[in-house]
Novice: 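Dropping a structure here in structure tokens format, bear with me for questions.
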Amino acid sequence: MTDAGLYEFEYGDCESSGLLHDENGFPSFQDNDDDDDDDEEEEEKEESFADDFYRCGTDWSCLLQTERKLKQANLFDMWGLKSNSESEANCLFSPPMKKLKASNGKSTATHLKKIVDRSCPFYKKIPGTPFTVDAFRYGSIKGCSAYFLTHFHYDHYGGLGKRWSHGPIYCSPLTARLVRMCLLVNPSYIHPLELNTEHVIDGVKVTLLEANHCPGAALIHFRLQDGQCYLHTGDFRASRLMQSYPLLVNHRVNVLYLDTTYCNPKYKFPSKEDVLNYVVRVTKNCLKKQPKTLVVVGAYSIGKESVFLAISKALGVKIYANASRRRVLQSFDWPELSGNLCTQGNDTLLHVLPMSSLKFETLKDYLKPYGNQYAAVLAFRPTGWTYSETVGNQLDLIRPLSRGNITIYGVPYSEHSSFTELREFVQFLRPDKIIPTVNVWNAASREKMQSFFREWLSCKKLMI
DNA sequence: GCGATCAGAT
DNA sequence: CACATCTGATCGC
């Protein structure tokens, strides 16, 4: 649509259709030139499930065939022609879940806007296997017989619900519990896999490793029968500990599917530990000045529990969370967390609230029912990264927002890798090929990431 | 009328 | 700036 094929890459290209394998050992696209006209049935030819991936080689510009929402109907749709993705010359993706509807006589501009391409992007498919990762929003994916879920965040499990029936779901035991509990997915589809244990699925050796993201989050290591190793990081925060995972030490990773959320040097933030110490320090200071302070920690669904746990431990106070959040937290099987929850707001000065409540007005209202029990609110908003950081790692330069007796701190508690952590991880793994999974919809950003990867993996530069 | 889905906000 | 939703509107049955 917009920009196309403007990007050059060191290895391979899209046109290498005659070869059996590309430079990275991937089977290359079997050339069936003409737009197949036999595109009706699921069965048809044995086009492998990840052909779109092979076809792509290392030309990241192929990502341009996006799953983007179309703002307007294209001409095919407007003229009532079937938009069949398999017959589109450049399509790299599976067919959409539903055939796009031709506009009928009644259709208006608003109808036309609603047309959405729902095909699974290639980087969610694992080539040489019938697997996808975090791909639940595309309905039944042709050729996929096992759906992996890296962790329980909406942008990864989206599409899962009680009506799920497209195939088995593999994930960590904790994630499995949440999928059953919160999404009411039929348990017969859910297959928990113990971490650090090799499981053979469809002939592929699969091992889940701790991802240092939210509870239950896993890196997924695939070892194919031909020896190829793929590592999908899901969302993760790279750590030194990972450099001692035996699987990563002992097997070269051929393809790395990388969480590139903060793959830019402007993203600098402190270690989790430093942020926790800071939060505790601020809290103690505040309570010294005003003992009648309610301490609030903002949270989404799961993740960043350590922020309130650290305060709880340091002050020796319980943690209040509402019933639905408690149910989720209890399911973690994390004793020091479960053991410190309480069911009454009055019983502790430390409360966990939805991130959306961390606003002056909302907090003021929240305080009201407690009467004169509290004279002030100290709130922490643990975001991944705070823009105010020209200062980078300098926690002491953080300036809270303050209005009346309410103070709100944004703290850079990140569950994604910083730029330098990413670099160190990639230089440790030295994969043959890296497929970014975040920030991929923008051509400039894709190109920028690839140039970082090239720099990191060029032998000359190994400085930290 | 209701759940699912979408655009937009936060 | 971007995360991971959340909200309110609209769709489709």
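Proteins get letters first, then strands, A, B, ... in listed order; numbering begins at 1 in each.
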Novice: Would you indicate, yes or no, if C:dA2 has its OP1 or OP2 atom less than 4.0 angstrom from a side-chain nitrogen or oxygen of A:Tyr267?
Specialist: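 Result: yes.
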
Novice: Any side-chain donor paired with an acceptor under 3.5 Å for A:His153 and A:Asp235?
Specialist: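 Note: A:His153 and A:Asp235 side chains miss the donor-acceptor criterion.
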
Novice: Mind calculating the distance between CZ (A:Arg381) and C1' (C:dC1) to the nearest angstrom?
Specialist: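 Rounded to the whole Å, the gap is 14 Å.
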
Novice: Heavy atoms from C-beta onward define the side chain here; which of B:dA4, C:dA4, C:dA2 lies closest to that of A:Thr261?
Specialist: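 For the A:Thr261 side chain, the nearest candidate turns out to be C:dA2.
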
Novice: Once you round it to whole Å, what is the distance between P of C:dA2 and NZ of A:Lys448?
Specialist: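 To the nearest whole Å, that distance equals 12 Å.
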
Novice: B:dG3 P sits how many Å from A:Trp164 CH2, rounded?
Specialist: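 Going from A:Trp164 (CH2) to B:dG3 (P), I get 22 Å.
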
Novice: What's the NZ-C1' distance between A:Lys359 and B:dT10, to the nearest Å?
Specialist: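 Spelled out: NZ on A:Lys359 to C1' on B:dT10 is 8 Å.
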
Novice: Nearest to the side chain of A:Val438, which nucleotide is it out of B:dA4, C:dA4, C:dC3?
Specialist: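 It is C:dC3.
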
Novice: Taking CG from A:Asp235 and C1' from C:dA4, how many angstroms apart are they, rounded to a whole number?
Specialist: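 Whole-Å distance recorded here is 10 Å.
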
Novice: Counting heavy atoms from C-beta on, name the nucleotide in C:dC1, C:dA4, C:dC3 closest to the side chain of A:Ser301.
Specialist: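 The listed nucleotide nearest to A:Ser301's side chain is C:dA4.
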
Novice: Between P on C:dC3 and CG on A:Leu358, what's the gap in Å once rounded to a whole number?
Specialist: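 Rounded to the whole Å, the gap is 19 Å.
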
Novice: Quiz question: going by heavy-atom distance under 3.5 Å, is there a donor-acceptor pair between the base of C:dC3 and the side chain of A:Tyr300?
Specialist: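 Counting by modelled atom types and ignoring angles, a donor-acceptor contact under 3.5 Å is found here.
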
Novice: Are A:His166 and A:Tyr189 packed together at the side-chain level, in the sense that at least one heavy-atom pair is separated by less than 4.5 angstrom?
Specialist: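 Answer no - side chains too far apart.
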
Novice: In terms of heavy-atom contacts, does OH of A:Tyr154 have more than 12 from other residues, nucleotides or ligands at under 6.0 Å?
Specialist: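 No, not enclosed.
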
Novice: Between A:Lys313 and A:Asn340, is any side-chain donor less than 3.5 angstrom from a side-chain acceptor?
Specialist: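 No.
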
Novice: Give the rounded distance in Å between these two atoms: CZ of A:Phe360 and P of B:dT10.
Specialist: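 Value for this atom pair: 16 Å.
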
Novice: Do A:Thr150 and A:Asp134 pair up side chain to side chain, a donor and an acceptor below 3.5 Å, judged on atom types alone?
Specialist: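 Their side chains do contain a donor-acceptor pair, which is all the 3.5 Å distance test asks for.
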
Novice: Rounded to the Å, how far apart are A:Leu353 CG and B:dT10 P?
Specialist: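 The distance from CG of A:Leu353 to P of B:dT10 comes to 19 Å, rounded to the nearest Å.
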
Novice: For a quick test of reading the model: is some side-chain N or O of A:His416 closer than 4.0 Å to OP1 or OP2 of C:dA2?
Specialist: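 So the side chain of A:His416 is outside the cut-off, no N or O lying under 4.0 Å from OP1 or OP2 of C:dA2.
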
